[in-house]
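Notes for the one structure printed next.
Each residue takes its place number in the sequence, starting with 1. All of these numbers come straight from a predicted model, not from anything done at the bench.
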Amino acid sequence: MMRAISPTLRNTLTNAWLAGPATLALLAFIFVPVTIVAVLSLTDYQFGARSFGWVGLDNYSKLFGSTLGRRAITNTLIYAAIVIPVSVGFGLLVAVGLFRMSDWAPRLSNVLRSIYFLPVAATLVAMSVSWQMMLHPSLGVVNQTLIAIGGTPQNWLSDRGLVLYTLAVIGIWHSIGYNMVLFLAGLAAIPADLYDAAEIDGAGGNWSRFWTVTWPLLGPTTLFVLVITATNAFRVFETVATLTKGGPAFASDTLVYALYREGFIYFKAGYASAITMVFFAVLLTLTLIQFRLVERRVHYR
């Protein structure tokens with residue numbers, strides 16, 4: 001008679017059965033593609049070619065050594081440095097305001113929540129076209145408003161000194177609504193009795209209650225919002241592709257758009273893979289730094 005399966009082996013088989021499909025999907029859709037891209041970044045492979053040669057780190061040297069490569073990296077860092085703190089800060093500010101408004105004007109609060117969330121629900125490409133019309137040098141509502149109040153109209157999308165900041169403003173406008181929803185969920189999860197306890201301890205003002213109760217308990221939410229916002233900021237593509245295509249004179253060129261241009265317009269798969277690996281390394285490093293600096297302060301036992 002066949003010996004019965006031991007409990008240890010039974011547990012191992014059960015764990016493998018439950019975790020196996022997810023593990024295989026993780027390998028097939030994440031680790032294997034990353035490995036392939038890493039290998040391609042060391043070659044001069046072009047889409048459609050039947051052969052390729054090994055070039056080592058030449059693609060990376062080209063990216064960091066060329067003016068266009070450094071500009072794409074610099075533009076991405078500047079864009080992220082503007083969008084991340086401003087969109088997180090404004091998202092928190094709007095969430096706190098609407099959360100408090102729900103006590104004395106719940107219907108107005110719900111309407112404003114919907115309005116703030118509309119940019120997230122709408123297609124970013126369609127919204128970019130709307131922004132293109134509003135920022136038109138002569139017919140756009142932005143310049144028309146500036147003229148009406150005595151200001152000077154600007155070439156928002158064709159001025160090399162303004163275009164990147166214009167795209168950053170659009171990125172902030174698009175991110176605030178999503179961050180607001182996340183912060184509202186975090187605010188709703190804070191027990192009301194903690195505010196009563198804080199008031200008894202002397203923190204009766206709104207500002208004192210925010211710093212002693214609200215902000216510390218929003219730590220996990222803030223960490224999540226920072227990671228999501230940073231990811232979206234570094235992979236900015238739709239607005240660049242729709243509004244500027246990296247111009248004028250590559251003043252709004254970013255890593256993801258450079259990846260698209262080199263890989264899917266010029267078919268330089270090896271060079272595009274090198275850009276992908278640099279983008280992945282920057283995003284991974286930023287995420288690890290955020291977890292290292294913020295995570296230790298956001299969990300309370």
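Note on V282: it clusters hydrophobically with I73, by side-chain heavy-atom contacts below 4.5 Å among ILVMFWY residues. Hydrophobic clustering of Ile, Leu, Val, Met, Phe, Trp and Tyr side chains at less than 4.5 Å, counting indirect connections, keeps I36 apart from V55. Hydrophobic clustering of Ile, Leu, Val, Met, Phe, Trp and Tyr side chains at less than 4.5 Å, counting indirect connections, unites L77 with V83. One hydrophobic cluster, built from ILVMFWY side chains closer than 4.5 Å, holds both M180 and L108. A continuous path of ILVMFWY side-chain contacts below 4.5 Å connects F47 to V39, so both sit in one hydrophobic cluster.
Expressed to the nearest 0.5 Å, how far OH of Y79 lies from OG1 of T254 amounts to 8.5 Å. How far CD1 of I78 is from CG of L167: 12.0 Å, rounded to the nearest 0.5 Å. Expressed to the nearest 0.5 Å, how far CZ of F237 lies from CG of L259 amounts to 9.0 Å. Q132 CD to I170 CD1: the interatomic distance, rounded to the nearest 0.5 Å, is 9.5 Å. Separating the CH2 atom in W131 from the CG atom in L243 is a distance of 10.0 Å, to the nearest 0.5 Å. With values rounded to the nearest 0.5 angstrom, L98 atom CG is found 10.0 Å from L187 atom CG.
Using a 4.5 Å heavy-atom threshold, the side chains of L57 and L42 count as touching. The shortest distance between side-chain heavy atoms of P153 and I147 falls below 4.5 Å. Taking the side chain as every heavy atom from C-beta outward, T242 and L124 never approach each other to under 4.5 Å. A 4.5 Å side-chain heavy-atom check between V88 and F183 finds at least one atom pair inside the cut-off. Looking at heavy atoms from C-beta onward, D253 lies in side-chain contact with R261 at the 4.5 angstrom threshold. Taking 4.5 Å as the limit, every side-chain heavy atom of F280 sits out of range of all side-chain heavy atoms of V37. Using a 4.5 Å heavy-atom cutoff, the side chains of Y271 and D44 are not in contact. The shortest side-chain heavy-atom distance between K245 and Y257 falls under the 4.5 Å cut-off.
The heavy-atom pair separating F250 from R71 by the smallest distance is O-CD, 3.0 Å. Nearest heavy atoms, V120 versus G177: CG2-C, 3.9 Å. The two atoms that bring I84 and S87 nearest to each other are O-OG, 3.4 Å, heavy atoms only. Smallest separation of non-hydrogen atoms from R235 and V256: CA-CG2, 3.5 Å. Across all their heavy atoms, A72 and A258 have their closest contact at CB-CB, 4.3 Å. In plain terms, the two heavy atoms of L162 and N155 that are nearest each other are CD1-O, 4.4 Å.
Checked by atom type and distance alone, the side chain of N143 pairs as donor or acceptor with a backbone atom of P137 at under 3.5 Å. With S273 contributing its side chain and L40 its backbone, the two residues share no donor-acceptor pair below 3.5 Å. Distance alone, capped at 3.5 Å, places no donor-acceptor pair between the S41 side chain and the G270 backbone. Judged by distance alone, with hydrogens and angles left aside, the side-chain atoms of N59 form a donor-acceptor pair with the main-chain N or O of T43 at under 3.5 Å. With R70 contributing its side chain and G65 its backbone, the two residues share a donor-acceptor pair below 3.5 Å. Here the side chain of T231 pairs a donor or acceptor atom with the backbone of V227 at under 3.5 angstrom. With N75 contributing its side chain and A251 its backbone, the two residues share a donor-acceptor pair below 3.5 Å. Of the possible polar contacts, one joining the T76 side chain to the L255 backbone as a donor-acceptor pair under 3.5 Å is found.
Summarising the local packing, OH of Y60 is surrounded by more than 12 heavy atoms from other residues, nucleotides or ligands at distances under 6.0 Å. When the shell of 6.0 Å around CZ of F117 is examined, it contains more than 12 heavy atoms from other residues, nucleotides or ligands. By the 6.0 Å contact criterion, OH on Y116 is open, its count of non-hydrogen atoms from other residues, nucleotides or ligands being 12 or less. The neighbour count for Y165 OH, taken as heavy atoms of other residues, nucleotides or ligands under 6.0 Å away, does not exceed 12.
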Start with the C-alpha gap between E238 and H174, add the side-chain angles, then the distance that decides, and say whether side-chain contact (heavy atoms from CB on, under 4.5 Å) holds. CA-CA 12 Å; E238 292 91 342; H174 184 259; over 6 Å; no

Apply side-chain contact (heavy atoms from CB on, under 4.5 Å) to V225 and L218, showing your working. CA-CA 10 Å; V225 170; L218 280 179; over 6 Å; no

Show the numbers, then the answer: is there a side-chain hydrogen bond (donor to acceptor under 3.5 Å, both in side chains) between N232 and S175? CA-CA 9 Å; N232 292 334; S175 301; 5.7 Å; no

I'd like to know whether L92 forms a side-chain contact (heavy atoms from CB on, under 4.5 Å) with F210, so could you lay out the CA-CA distance, the side-chain angles of the two residues, the decisive distance to 0.1 Å, and finally the verdict. CA-CA 11 Å; L92 176 60; F210 175 81; 4.0 Å; yes

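Below 30°, between 30° and 60°, or above 60°: for F52 and W54 the angle between ring planes is above 60°, a perpendicular geometry.
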